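Worksheet: the structure to be examined is printed underneath.
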Amino acid sequence: MSANNEKRQNTAHKTRNTKRRQPEKKGARPSGGATAGSPPPSSAPEPGYAARKAATDLLGKIMFKRMPLDGELDLRNGHPGYKRLEPNDRALVRAIIGTALRRRGEIQVVIDALLERPIPEKTGRVLDILHVALTQIFFMSIPDHAAVSLAVSLAGRDARAKPYKGLVNAVLRRATREGRAILESSGAAHLNAPQWMYDRWCEVYGSETAAAIAQAHLMEPYVDFSIKGNASEWAERLGGVITAGDSVRLVPDGSIENLPGFSEGAWWVQDAAAAVPARLLGDVQGLQVADLCAAPGGKTMQLAAAGAHVTAVDVSARRLERLSDNMARMGFDVETIASDLRSFEPKQPFDAILLDAPCSATGTIRRHPDVAWLKREDDVAKLADLQYELLTRAAEWLKPGGVLVYCTCSLEQEEGELQIQRFLLESPQFSRELFDAAALGMPAAVINEQGDFRALPCHNRQETARLSGLDGFFAAKLRKA
């Protein structure tokens, strides 16, 4: 599949049969009620309206303004309309927006098939409304008539979408009759990834594995826990299973903070793949260890639990506050430093270093489906340049004989294998140490041809699809002569 194939563009606010680039949308409006500039509604919104409006607003901010979903869902600084909702409605919004992002390509195929001509509006608001409604019609247990009625009501109360209220009604009613057949005929998971991204996976991993990665991304995520004590005991208490080493995995039901063991610091949330890099450092008892780009602190907690004297460095002081809160809950004492690694200078060399470098995060799409649509292909090259700069700087802070583990949660080779290849060519004092999958409690497939750790979302098959998988992750272990 050619990387220049433009048949499936990112469909953010444009239909498949128009190439016009849409201008940036104006700032978000308060959730609920009439849009600024529109006449006041003649009656109060029907039940469920505020949740659908919040979901529509959020989809627009992600697709049109490239705003990360996690920030918009933050109850302190996030989207005002979302924050005002009751907890049950917030859960509904999260379910709608997550599914709309996971299934965006398939939904767009249906819209394209049902539209006789491109929607001429420039803001993308109508497409947001259609995507939210079709998500409920096709992929959620919400009655079709409710999804259609709320979408039409939303279009009628929005100044930009109001001229297309009739079109929204017609398209959605046709979709309830014809849409599922269109989905079945188009049905390929790769439609739900941007073309450039899927082409890369095909080139690097082969078309069969690329399809398996895309299929894995359609599943809602599991939750993994790293356990401070006995993993078997906590698997039983939490109703989970042990997977990929000593991680405990379960399907979340309700708030994580309400689970047994949270308040007393018995465990922390961390994907099984993300738990591997800290383990690759080996026995760190009593060693001076740097955790670079440390927040939110899962690897920091691993290192502290293993007896290391940890210096956690991150560019974000706010994220370090969250890390410190996690350390306090777990009863760990670590040093935290807010600093850009490009200007950071340690007081003394470290025995071991863990560098979890900033990356495109394409390995976390199952957990963060907005990543697929927020990233652009040129982001990978820019991030790769930064990663190499940080890797070469971190290598200078390592004692002779020390170990450095470099890792990213990316599926892109420029952010993983190619970084290490270049580094070893230009840093002859370092050598690669190979991994044993069995010693890590992992399937053999997670070790690549070079002997590095390379987990894919389709690895680690379990009894059910929902409990299967790993975050996409890369890690290499480098020893200084």
Side-chain angles (χ1 to χ4, degrees), residues 224-227 243-247 268-285 287-308 310-314 323 326 332 334 341 350-364 367 383 387-388 390-391 394-395 397-398 402-413 415-417 419-420 423 430 432-443 445-448 450-457 459-460 470-480:
D224 284 346
F225 301 100
S226 289
I227 307 297
T243 185
D246 287 330
S247 293
W268 61 92
V269 175
Q270 184 179 33
D271 191 84
V276 168
R279 292 160 56 194
L280 297 178
L281 290 175
D283 184 3
V284 294
Q285 176 74 39
L287 299 183
Q288 297 292 331
V289 180
D291 185 8
L292 307 180
C293 308
K299 300 174 185 66
T300 312
M301 286 183 270
Q302 280 184 276
L303 297 170
V310 186
T311 300
V313 185
D314 198 275
L323 181 147
N326 287 332
F332 296 138
V334 304
L341 292 183
F350 297 101
D351 298 302
I353 295 174
L354 176 57
L355 172 60
D356 188 355
C359 70
S360 64
T362 54
T364 68
R367 200 174 305 283
L383 286 163
Q387 291 153 9
Y388 193 74
L390 300 185
L391 176 57
W397 307 331
L398 191 64
V403 171
L404 187 155
V405 168
Y406 167 88
C407 64
T408 60
C409 55
S410 169
L411 295 173
E412 317 312 313
Q413 281 201 318
E415 302 181 86
E417 289 86 347
Q419 289 284 3
I420 300 307
F423 179 79
F430 280 85
R432 171 193 274 121
E433 293 200 354
L434 307 184
F435 304 145
D436 179 1
L440 295 172
M442 290 280 184
V446 303
I447 306 301
N448 66 12
Q450 296 77 35
D452 298 325
F453 177 70
R454 167 54 82 186
L456 299 178
H459 286 158
N460 190 34
L470 292 167
D471 276 0
F473 232 91
F474 173 85
K477 182 177 181 179
L478 307 168
R479 186 174 294 277
K480 191 173 185 177

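Quick note: numbers below take in every heavy atom, side chains included, and nothing from hydrogens, waters or symmetry partners. Fair warning: this is a prediction, and the values are worked out from it, not measured in the lab.
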Fill in: Whether Lys480 side chain and Leu398 backbone form a donor-acceptor pair below 3.5 Å
yes
Fill in: Check: Gln302 side chain, Ala275 main-chain N or O, donor-acceptor pair, under 3.5 Å
yes
Discussion item. Treating Gln387 as the side-chain partner and Pro358 as the backbone partner, does any N or O pair qualify as donor plus acceptor under 3.5 Å?
Written reply: yes
Practice prompt. List for me each residue that meets side-chain contact (heavy atoms from CB on, under 4.5 Å) alongside Ala295, sequence neighbours excluded, and say none if there are none.
Written response: Asp314, Arg319
Worksheet item: Nearest heavy-atom pair of Ala278 and Leu303: which atoms, and what distance?
Response: CB-CD2, 4.1 Å
Worksheet entry | Any donor-acceptor pair under 3.5 Å from Asn460 side chain to Leu470 backbone | no
Practice prompt. Say whether, by atom type as modelled, one donor and one acceptor occur between the side chain of Arg432 and the main chain of Ala476 under 3.5 angstrom.
Written response: no
Worksheet item: Closest approach of Thr362 and Ser410, non-hydrogen atoms and distance?
Response: OG1-OG, 3.6 Å
Practice prompt. Looking only at non-hydrogen atoms, find the nearest pair between Pro443 and Ala437 and report the distance.
Written response: O-CB, 3.6 Å
Discussion item. For a 4.5 angstrom cut-off between non-hydrogen side-chain atoms, does Thr300 reach Leu323?
Written reply: yes
Practice prompt. Using a 4.5 Å cut-off on heavy atoms from C-beta on, say whether the side chain of Leu341 contacts that of Leu355.
Written response: yes
Worksheet item: So, does Asp471 use its side chain to make a donor-acceptor pair with the main chain of Ala273 at under 3.5 Å?
Response: no
Item to complete: For residues Leu440 and Leu280, determine if any side-chain heavy atom of one lies less than 4.5 Å from a side-chain heavy atom of the other.
Response: yes
Worksheet, complete the sentence: Closest heavy-atom pair, Ser226 versus Gln270, reported as atoms and distance to 0.1 Å, is OG-OE1, 2.7 Å
Practice prompt. Check step by step if side-chain contact (heavy atoms from CB on, under 4.5 Å) holds for Asp271 and Phe473.
Written response: CA-CA 10 Å; Asp271 191 84; Phe473 232 91; 5.8 Å; no
Worksheet item: Backbone N or O of Glu417 within a donor-acceptor pair of the Asp452 side chain at under 3.5 Å?
Response: no
Worksheet item: So, does Asp351 use its side chain to make a donor-acceptor pair with the main chain of Gln288 at under 3.5 Å?
Response: yes
Worksheet item: Distance-only, no hydrogens or angles: does the Glu415 side chain make a donor-acceptor pair with backbone N or O of Ser360 under 3.5 Å?
Response: yes
Worksheet entry | From Lys477 atom NZ to Leu281 atom CG, the distance as rounded to the nearest 0.5 Å | 7.0 Å
Worksheet item: Could you give the distance from CG (Leu411) to OG1 (Thr364), rounded to the nearest 0.5 Å?
Response: 9.0 Å
Worksheet, complete the sentence: Smallest heavy-atom separation, Ala475 atom then Phe435 atom, equals O-CE1, 3.4 Å
Worksheet item: Out of curiosity, Thr311 OG1 to Phe350 CZ, how far, rounded to the nearest 0.5 Å?
Response: 4.5 Å
Discussion item. With rounding to the nearest 0.5 angstrom, report the CZ to CD distance, Phe474 to Glu412.
Written reply: 13.0 Å
Discussion item. Is the shortest side-chain heavy-atom distance between Lys299 and Pro277 below 4.5 Å?
Written reply: yes
Worksheet item: Strictly by modelled atom types, are Asn448 and Gln450 linked by a side-chain donor-acceptor pair under 3.5 Å?
Response: yes
Worksheet entry | Nearest-0.5 Å distance that lies between atom CG in Leu391 and atom CG in Leu478 | 6.5 Å
Practice prompt. If the plane angle is over 60° it's perpendicular, under 30° parallel, otherwise tilted; pick one for Trp268 and Phe332.
Written response: perpendicular
Discussion item. In the structure I gave you, are the side-chain heavy atoms of Phe225 and Val269 within less than 4.5 Å of one another anywhere?
Written reply: yes
Item to complete: Calculate, to the nearest 0.5 Å, the distance between atoms CD1 and CG belonging to Ile447 and Leu434 respectively.
Response: 9.0 Å
Discussion item. Just to verify, what does Asp246 make a salt bridge (Lys or Arg N to Asp or Glu O under 4.0 Å) with, not counting sequence neighbours?
Written reply: none
